[in-house]
Amino acid sequence: MRRTLILLILLAGVQIVLTFGGGGEKSETLLALGFLILAAYTVGEIVARFRLPKLVGYLLAGTLFGPYLLGTVSERAAAGLEPVSTLAIALIAFLAGAELRWEEVRDRGGAFLRILSVEMGLTFVVLTGLFLASARFIPFLAGADPRMILAAALLFGALGIVHSPAVTLALMSETGARGPVARTTLGVVLLSDVVVVIFFSLVFAVARGLVPPAGELQAGGMGALVWEISGALLVGTLLGAVVALYLRFVRQELMLFAVLIAFFGIEIAYWAGTEKLLTLLTAGFVAENVSQREDGEALRHAMERSAAPVFVVFFALSGARIDPWLVAASIGIVIPMVVARIGSIWAGTQFGARWARVGAMERRHVWTGLVAQAGVAIGLANLVSEAWPAFGGELQSIVLAMIAVNQLLGPILYRRALGSAGEVVGSAPAP
Amino acid sequence: MSTALILTLVVAGAWLAAHVASEWLARRFLIISGAEYLVLGLLLGPRVGGFIDTSAVDAFTPLMILSLGWVGTMIGAQFPLAQLTRVPAALFRVGFGQALLTFLLVGGFALALLLGIAEIPIGEALLPSLALGAIGTASTPAGIGAAAATLRARGALVRQIEVATGVDALVAVVLFGLSTAVLNTAAVMAPRPPTPTEWGVIAIAIGVLSGILFHLFIGEEEQVDRLFIAMGGAVLLASGAAAHLGLSPLLPAALIGGILVNSARNAAAIRQVLIALERPLYFVLLIFAGAAWDPGIPGIGWVLILLFVPFRMLTRIVSARAAARLAGEQEALGPSWGRALVGQGGLAIAIGLNFALIAPGPVSGSVFTAAIVSVLFTDVFSARLTRTVLRNGGGGPA
């Protein structure tokens, strides 16, 4: 009742101000930001009562109040909040890297790689095959050149294997989960971030060979790809070392420093042409593992504090990008793809986990953390759309619809899995 | 190299240098000030160094508005009524007396200058005068802590100065907020523009509703992280709403702060959250305030400023003496205790910047410049003045 009252007051108040106010884009953006933080958080608490993850509430709030439904947050305001999303991604990546300990990477990196390789390989093959098999039912591919159909299928498969470190980390933060399932999932998801960049670039190159892109975007050659990955490791290491030095010798204004590092890291990655997430991930990893334990914890705590409202807005904005009408229009194609994707993730994780000889709990539950998709997948879908205007837009629509469903399903499945595994702080494992 | 990257490098490096330098200055010369960050912003801004160009300043407007909102909330949160009722009423009588007198005298003087020297029509001169009155009323408690610690002073005089600086902030924010509301000329999409009274009510309503909303939102929550999210959202909402309607965020935010500390059961945790973000947002405010500086009316504007600054200093001393005499406290406080209120601090900058954002133009540029000059000038020796007042005025241990 209280939460409903909050939402009603918020909605009414903001609508009145937006209707009567003559302020420009900047003030509207600020108003939208304040509104989203409170509204999304409230919806998050409402869904938590139904034992769903709060971030599903943030996503739903974004969709409901976003430009496609109620329109409380207009497209202009949502665009104005993009820097907040960028900051969120940077903080998420840094925090994710800081979660990893060197001992864990050294001891279990091989296991993560085995799980990931089988899961991604199987998912890619299944999705690509299913897309090819259903091509005649997909309107924009009906009667299309076989080379174009194959290119679209390969790109679709490559987009389908992308995971979401943001969701994994957000749920770990929300639940306090730090057990084997959570840590294995985090390790696999973070590693997949690197692998996806390489794999997608290869698929992109193959698709480009099949159907030369007409759009302005030209993906770089192998040299650029090598630099994108290796440079990210190098730049990230240097940035992490700077952070460690600051923590050692200055250690003041950590909250402001955390925001500056995130902002600075994204900018330097952009300038250097390195993969942004990997750069910040590496920086977080180095900073955490090189610093004294209490220094690293202090910075992580400061980052988590500044990330808290940013996470809420990030997922709300992700939700605001979901066009429910688009999803509804594509539901006939999307549902089988989603089911196939989840099925192959499950199967691939089972085989990979057996090969990696991980524990039974991890074998049973890790796959749930690989279902969600978010910003990275959307970004890559945008790349495809820009490179192939002839069919990329329609393909992007299907992919976005699939991402929207995965974005909602994934956290629900993962949250239940963490609960069943007894890794949610305050819960016991399911029998 | 992108502008944003250069900006981050320069701001981060310069902030660090200024931080180290200011701590040395404070230890060595008892100069307590945030002015170094203001100067940093001036040097980096488009008028001087050009590292931060006008588009970057413009892009950071939402952050400046948020910082203003946070300043307002901090001020409102200084007034928990349960604690204030234990403060002797005489301290408040003196505090409010000198604050209101200062506002009237400085505002009146500013009006006379704008009408007489700058020859601005009264309709256009009224709001800048009220803004200057509010700027003149603002004082800083920064010097009192350091000076009192040095002398180990803790008597009636110290208490009075503390109360007076708090009241100065409250009066400045309330009167500035109401002035910008009542004289608001922002365009609205309504059948008729609101009357001055309606604008005043709207400004207050934004703060009250946001405070109620926060109160509902937070319930009995004690977890600091959740409080942080809620505080951020409430201040952003109120600041954004005020800015969208052409109002100052300071007054609504101050109301939020006042409502929270007086109604929430977890007031201590709320104050902790406010303090946690105070310094970073304060730095951002000062740096971008400096970068956003506009010199204002050429030529004659500087005459106004050069007259405003000493008049304001004199008014502080005279008003304080008059208020103490009227309340019968002159013997306890001494004749020159107003010198401890000469220092201005960040609130004066906040008001000046807010005015420049609400009513951009050459006149607001002069108002803002007056605030900057006054702060830079007075903050250098305000802590020393306070120490002198305490040493001479009987501020011995309680």
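First the proteins, then the strands, lettered A, B, ... as listed; each starts at 1.
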With a 6.0 Å cut-off (strictly less than), is the heavy-atom count around [atom1] of [X], excluding the residue itself, greater than 12?
X: A:K276; atom1: NZ; result: no
X: A:R248; atom1: CZ; result: no
X: A:E75; atom1: CD; result: no

With a 4.5 Å cut-off on heavy-atom pairs, point out which of A:L38, A:L36, A:L31 contacts chain B the most.
->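 Most heavy-atom pairs under 4.5 Å with chain B: A:L38.
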Rounded distance [0.5 Å steps], [atom1] in [X] versus [atom2] in [Y]:
X: B:L236; Y: A:T29; atom1: CG; atom2: OG1; value: 11.5 Å
X: A:L7; Y: B:L216; atom1: CG; atom2: CG; value: 11.0 Å
X: B:L247; Y: A:S27; atom1: CG; atom2: OG; value: 11.0 Å

Within residues 52-59 of chain A, which positions have a heavy-atom distance to chain B below 4.5 Å?
->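 Against chain B, none of the residues of residues 52-59 of chain A fall inside the cut-off of heavy atoms under 4.5 Å.
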Does any heavy atom of chain B fall under 4.5 Å from the side chain of [X], the backbone, both, or neither of them?
X: A:T19; answer: backbone
X: A:L18; answer: both
X: A:V14; answer: side chain

Do you know which two heavy atoms are closest between A:I6 and B:F217, and how far apart they sit?
->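 For A:I6 and B:F217, the tightest heavy-atom pair comes out as CD1-CA, 3.5 Å.
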Search all heavy atoms of A:E28 against all heavy atoms of B:H244 and return the closest pair with its distance.
->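 Minimum heavy-atom separation between A:E28 and B:H244: N-ND1, 3.8 Å.
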Heavy-atom side-chain proximity of A:L30 to B:T61 below 4.5 angstrom =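 Side chain of A:L30 against side chain of B:T61, heavy atoms only: no contact under 4.5 Å found.
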Do B:L66 and A:L33 come close enough that some side-chain heavy atom pair is under 4.5 Å?
->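 In short, these two side chains do not touch, never coming nearer than 4.5 Å.
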Option that, when pairs with chain A are counted at under 4.5 Å, heavy atom only, ranks first among B:A243, B:P194, B:P62 =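 It is B:P62.
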